[in-house]
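One-based numbering, in listed order, for ligands and for the atoms of each. We number each residue from 1, following the sequence as shown.
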Amino acid sequence: MFNNFDFSGKKILVAEDEKTNYLFLEALLKRTSAQLMWAENGKIAIEAVKENDDIDLILMDIKMPEVDGYQATKEIKELKPNLPIIAQTAYALAGEKEKILEAGCDDYLSKPIMGKLLLEKIDAYLKK
Ligand SMILES: [Mg+2]
């Protein structure tokens with residue numbers, strides 16, 4: 001299933017503090033042939049963007065230690081305004097989506113992540 005997505009030659013940075021969540025995304029994206037990088041918090045994600053000029057897209061967890069997804073997104077967008085960032089959050093609070101978009105994220109998905117929807121969104125942003 002979902003094997004109609006081909007992200008070969010694309011580098012995706014996954015900012016996610018929970019290893020099980022990262023492993024889920026890794027399993028999902030493996031069959032697309034995307035190259036993955038893992039940042040375990042927002043601070044590491046910012047550093048990864050500074051050090052790697054070839055990142056094509058970021059999957060950004062919101063709740064992370066050290067630097068959260070809001071702050072990491074703000075700082076990364078200052079460096080790379082056109083780098084697409086798709087947020088993932090478990091928060092279901094009213095106003096959450098607005099806060100995520102305000103931070104500069106291009107798009108948003110609620111956890112639990114639906115695999116097909118995530119791949120469709122990634123595909124759309126990689127084609128832009
Ligand atoms: Mg988290």
- If you look only at pairs with a residue in residues 29-49, which of them pass as a ring pair (Phe, Tyr, Trp, His ring centres under 6.0 Å), with sequence neighbours excluded? Tyr22-Trp38
- Task: State whether a side-chain donor-acceptor pair under 3.5 Å links Tyr125 with Asp106.
- Result: no
- Item | Partner set under salt bridge (Lys or Arg N to Asp or Glu O under 4.0 Å) for Lys127, not counting sequence neighbours | Asp123
- Output for pair (Leu25 CG, Leu36 CG), nearest 0.5 Å, gives 8.5 Å
- Item | Shortest non-hydrogen contact from Glu16 toward Asp61 | OE2-OD2, 3.4 Å
- Leaving out waters, which are not shown anyway, how many protein N, O or S atoms lie closer than 2.8 Å to the Mg ion (ligand 1)? 3
- List in chain and number order the residues that pass side-chain hydrogen bond (donor to acceptor under 3.5 Å, both in side chains) with Lys50, two or more places apart in sequence or in another chain; answer none if no residue qualifies. none
